[in-house]
Amino acid sequence: MNLFAHFQTAARNELSVMMATGELPPGLDLSRVTAEPPRDATHGDVTTNAAMVVAKAAAMAPKVLAEILAKRLARQPDVLSADVAGPGFINLRLEDTFWPKILDAILAKGDHYGRSELGKGIKSNVEYVSANPTGPLHVGHCRGAVFGDALAELLKVTGYEVSKEYYINDAGAQVDTVARSAFLRYQEALGTDIDEIPSGLYPGEYLIPVGQALAAEHGKVLLTVTEEQWLPIVRNKAIAMMMDLIKNDLASLKIHQDVFFSEKSLHDSGEVRDTVADLREHGHVFEGRLPPPKGELPEGWEDREQTLFRATEFGDDIDRPLLKSDGSYTYFASDVAYTRNKIQRGFKELIYVLGADHGGYVKRLEAVASAIAGPRKVDVIVRLCQLVRLFRNGEPVRMSKRSGEFVTLREVVDEVGADVVRFMMLYRKNEAPLDFDFAKVTEQSKDNAVFYVQYAHARVCSVLRNGAELGRAPVNHDFLLLVDEAERLVVRRLAEYPKMLEGAALAHEPHRISFYLYELASDFHSLWNKGKESPQLRFIVKDDIIITDTRLAFLRAIRYVLSNGLRILGVNPVEEM
RNA sequence: GCACCCGUAGCUCAGAUGGAUAGAGCGCUGCCCUCCGAAGGCAGAGGCCAGGGGUUCGAAUCCCUUCGGGUGCGCCA
């Protein structure tokens, strides 16, 4: 039960009735009417802006309308009182008998508490990571990987039908370079002294096993054929092994995507060709010249006519080339084909999780989707993740990509654990830069948000264990006994959970879950410590069976919310620290 | 030159799609364990929401503009 959704509907219904009876003019826009938790708990339990947002169109003073509406809302079930405050807020105070219903609902729904049908089964495609298959993932990939994964999970629990996808760039020049690099490792495996890896090729040792595998499979045969002949063989092997490497890296972060989509397959199937033909048919393609970029001219710029997608017609800054000067398709062309493929598979929402350095892509992705989708409506949602700055005891960790000395994703996960990495990557808004300090994230103190939330969960579990040892079980309970303000604060927080999830899903901001969990943990720790001063507030109260059982049931509800939230983030809730 | 992102307490950051007196953590000051896990909690100090205009009942939030920081800008992927 989402009480805010409930009272939002109630307020809208009352306004509709008033329109029907002529108390209000007909046809008022009620879409901006909301019901929310009040900023200040002393204001009540639920607050609505209903009177303020329709007052103008109704030609009434907000406070006057608020008074009338408040009287009507006060008659709603579970409402104790409805007061007008400030410029026209209506603050609802709920009956004491209402809160037990929330807790009962949480216990009844358990692992499913918070789920909703918000997405109405809309098919949503979430593409993330999509790193080139040229080597293992490094820390830079971490954030987008975790963000995309958590976002996908969030959308799932809020009623979207989600496909998690990875686009493999296995068609361009880069994978040929990987193949040539692997070929050297192949020669090396056969005993040739390869000396240093020439610049321009990948020096990484992760290609050594590829060379060995090729040697084992093909012996010396590949040495006797032309590059034209060995390249595809070596390339296929290298890509397959790099993808295995990458999938293992992702698995270490508990990421398992549904679809790994090959760019090459789009060429092989003719979809790239067909896509360009489609665009041409709809008049979105033309032969023309691009103006040179302002500022510094790129190396080797030559003004020439080329085949362009009319992206500017769809809001992009510049038209985009589909063919290279040698007549082959650009990366962009296969990207368009992939978009078309997604739309043909029925996705209504295309979500892209990209690094912040890809900010320039947003407009073209939107342009492509609207050109391909035509009258069908497809939403393009791009989320950019800012970079992660690594620190070790406050000192920045230096990385140089040129020398191949980058910190891999695997190293980070192995050192601090997947749960810590996942939580920390989500403890910032995606477009804000993030500092990741190896020392801090493993610290066992409240400075460390992961720990703080986990600690709350562990404490809950601890009391539940103690209760069980005493032979108590949260079966017979009377939630009306939970009257202390600290308890009510926690209950209210639990009640906010479904609304928070919906808001996070609509805004595509999984970090809201982390912050919510931190707040819930804080409310809980606070309640816990209150039990130190007032023994009657402890969860287990000797000689009072009913209050003990009630609080154990309460703890169970808290535990569900903590663990449900953590699970969406992909963090395992721990029972003991 | 153009486009996008960011600018909130000394520091690191939230701010639920425009709501009431802008919130946390760190740091600082002072408190709380015979007792369910003190690996915690309570209280205090700390703000021109970068600056300036605008929109309206109401702006950190939306629009314009200036300043400051980041990213990107044909035939690479």
Side-chain angles (χ1 to χ4, degrees), chain A residues 4 32 34 36-40 43 47 49 52-53 55-56 61-63 85-89 91 130 132 134 169 171-175 263 289-296 298 300-304 306 308 316-321 323-326 328 330-332 334-335 355-363 384 386-387 427-429 431-435 443-449 451-452 455-456 458-459 462-463 465-467 470 496 499-500 502-504 506-507 509 511-512 515-516 518-519 522 525-533 535 538-542 548 551 576-577:
Chain A
F4 302 102
R32 289 172 59 218
T34 61
E36 291 174 7
R39 177 154 301 187
D40 187 336
H43 289 146
T47 187
N49 61 358
M52 292 182 291
V53 297
K56 190 169 189 182
K63 284 193 160 189
F89 290 102
N91 291 327
S130 297
N132 293 338
T134 56
N169 299 127
Q174 283 196 25
V175 284
E263 178 190 3
R289 292 168 192 279
L290 284 176
K294 303 279 189 218
E296 210 176 315
W301 164 270
E302 79 178 277
D303 187 24
R304 69 172 190 90
Q306 48 191 343
L308 299 166
D316 201 354
D317 301 319
I318 198 167
D319 295 319
R320 304 287 170 183
L323 295 177
K324 299 187 209 170
S325 50
D326 66 1
S328 63
T330 58
Y331 168 79
F332 177 72
S334 42
D335 222 33
D357 54 342
H358 287 65
Y361 283 46
V362 178
K363 286 184 179 177
L384 302 174
Q386 267 293 351
L387 31 107
Y427 198 57
R428 279 284 174 276
K429 205 166 35 182
E431 64 260 27
L434 187 155
D435 293 348
E443 196 173 285
Q444 308 223 326
S445 79
K446 64 173 176 176
D447 308 11
N448 180 358
F451 171 79
Y452 190 75
Y455 184 38
R459 268 181 158 176
S462 166
V463 188
R465 278 193 305 269
N466 291 340
L470 293 171
E496 286 172 23
K499 181 179 171 65
M500 180 280 301
E502 292 193 356
L506 287 171
E509 292 184 350
H511 76 275
R512 290 191 195 182
F515 282 92
Y516 168 86
Y518 186 87
E519 283 167 358
S522 171
H525 288 308
S526 178
L527 170 60
W528 177 285
N529 276 80
K530 227 172 156 183
K532 298 200 172 298
E533 291 160 25
R538 288 179 203 160
F539 295 99
I540 294 173
V541 181
K542 284 205 173 69
T548 298
R551 292 205 172 117
E576 287 177 73
M577 308 291 297

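In what follows, every chain begins at residue 1, and chains take the letters A, B, ... in the order their sequences are listed. Keep in mind it's a predicted model, so treat the numbers as computed, not measured.
- Straight-line distance from the CZ atom of A:F332 to the C1' atom of B:C76: 15 Å, rounded to whole Å.
- Comparing B:A22, B:G58, B:A77 against the side chain of A:N132 picks out B:A77 as the nearest.
- Remark: the A:D316 side chain and the B:A3 base include no donor-acceptor N/O pair separated by less than 3.5 Å.
- Residue A:H358 has no polar side-chain atom (N or O) positioned under 4.0 Å from OP1 or OP2 of B:C76.
- With B:G41, B:G19, B:A14 as the choices, the nucleotide that has an atom nearest any side-chain atom of A:A432 turns out to be B:A14.
- B:G72 and B:C64 have their C1' atoms separated by 24 Å, given to the nearest Å.
- Nucleotide B:C4 has B:G70 as its partner under the Watson-Crick or G-U criteria, with both atom distances under 3.5 Å.
- Going from atom CZ of A:R512 over to atom P of B:A16 covers 6 Å, rounded to whole Å.
- RNA chain B is contacted by both A:S445 and A:G360; A:S445 maps to the nucleotide lying nearer its 5′ end (nearest heavy atom per residue).
- Of all nucleotides listed (B:G15, B:C76, B:G37), B:C76 comes nearest to the side chain of A:Q174.
- Pair check for B:C42 finds B:G30; Watson-Crick or G-U wobble, both atom distances under 3.5 Å.
- Here B:G74 presents its P atom at 17 Å from CG of A:D335, a figure rounded to the nearest Å.
- The CD-P distance, from A:Q386 to B:C5, rounds to 12 Å in whole Å.
- Looking at the side chain of A:K324, the nearest of the listed nucleotides B:U12, B:C36, B:C75 is B:C75.
- Side-chain proximity of A:R304 to the nucleotides B:C13, B:G74, B:U17 is greatest for B:G74.
- You cannot call A:H525 stacked on the base of B:G41; the centres under 5.5 Å and planes under 30° rule is not satisfied.
- Straight-line distance between the P atoms of B:C36 and B:G47: roughly 41 Å, to the nearest whole Å.
- To the nearest whole angstrom, the two C1' atoms, one in B:G27 and one in B:G44, are 14 Å apart.
- Remark: side-chain polar atoms of A:N49 are paired, donor with acceptor, to backbone N or O of A:R32 under 3.5 angstrom.
- Between A:Y516 and B:G15 there is no side-chain polar atom (N or O) within less than 4.0 angstrom of OP1 or OP2.
- Side-chain N/O atoms of A:N529 and base N/O atoms of B:G40 include a donor-acceptor pair closer than 3.5 Å.
- Listed nucleotides: B:A14, B:G40, B:A77. Nearest to the side chain of A:F515: B:A14.
- Which of B:C36, B:C42, B:A14 sits closest to the side chain of A:I540 comes down to B:C36.
- At the phosphate of B:C13, neither OP1 nor OP2 sits under 4.0 Å from any side-chain N or O atom of A:K429.
- Closest contact between the side chain of A:P87 and the listed nucleotides B:C57, B:G37, B:A77 involves B:C57.
- Side-chain polar atoms of A:S334 and A:E263 form a donor-acceptor pair below 3.5 angstrom.
- A:K532 has no side-chain polar atom (N or O) that falls below the 4.0 Å cut-off from OP1 or OP2 of B:G37.
- Pair assignment for B:A24: B:U12, on the basis of Watson-Crick or G-U wobble contacts that are both within less than 3.5 Å.
- Atom P of B:A9 sits at a distance of 37 Å from the matching atom of B:G74, rounded to the whole Å.
- The partner of B:G18, taking Watson-Crick or G-U wobble pairs whose two distances both stay under 3.5 Å, does not exist in any strand shown.
- Residue A:F89 and nucleotide B:A20 are classified as a stacked aromatic pair, their ring centres being separated by less than 5.5 Å at an interplanar angle below 30°.
- Atom CG of A:L384 is separated from atom P of B:A3 by 17 Å (rounded to the nearest Å).
- Taking atom P on both B:A50 and B:G15, the two are 15 Å apart, rounded to the nearest angstrom.
- Nearest nucleotide to the A:K363 side chain, out of B:G37, B:C4, B:C36: B:C4.
- If you check distances only, the side chain of A:T330 never reaches the base of B:A77 with a donor-acceptor pair under 3.5 Å.
- Per the geometry, CZ belonging to A:R459 stands 7 Å off C1' belonging to B:A38, to the nearest Å.
- Taking the side chain of A:N49 as heavy atoms from C-beta on, and the options B:C36, B:A3, B:G19, the nearest nucleotide is B:G19.
- No donor-acceptor contact under 3.5 Å links the side chain of A:S526 to the base of B:G41.
- Taking the six-membered ring for Trp and thresholds of 30 and 60 degrees, A:F515 and A:H511 have ring planes more than 60 degrees apart, a perpendicular arrangement.
- The OH atom of A:Y361 sits 9 Å away from the C1' atom of B:G72 (whole-angstrom rounding).
- Atom pair A:D357:CG and B:C4:C1' shows a separation of 13 Å (rounding to whole Å applied).
- Within the 3.5 Å criterion, the main-chain N or O of A:V541 finds a donor-acceptor partner in the side chain of A:T548.
- With a cut-off of 3.5 Å on both Watson-Crick or G-U wobble distances, the partner of B:G47 is given as none.
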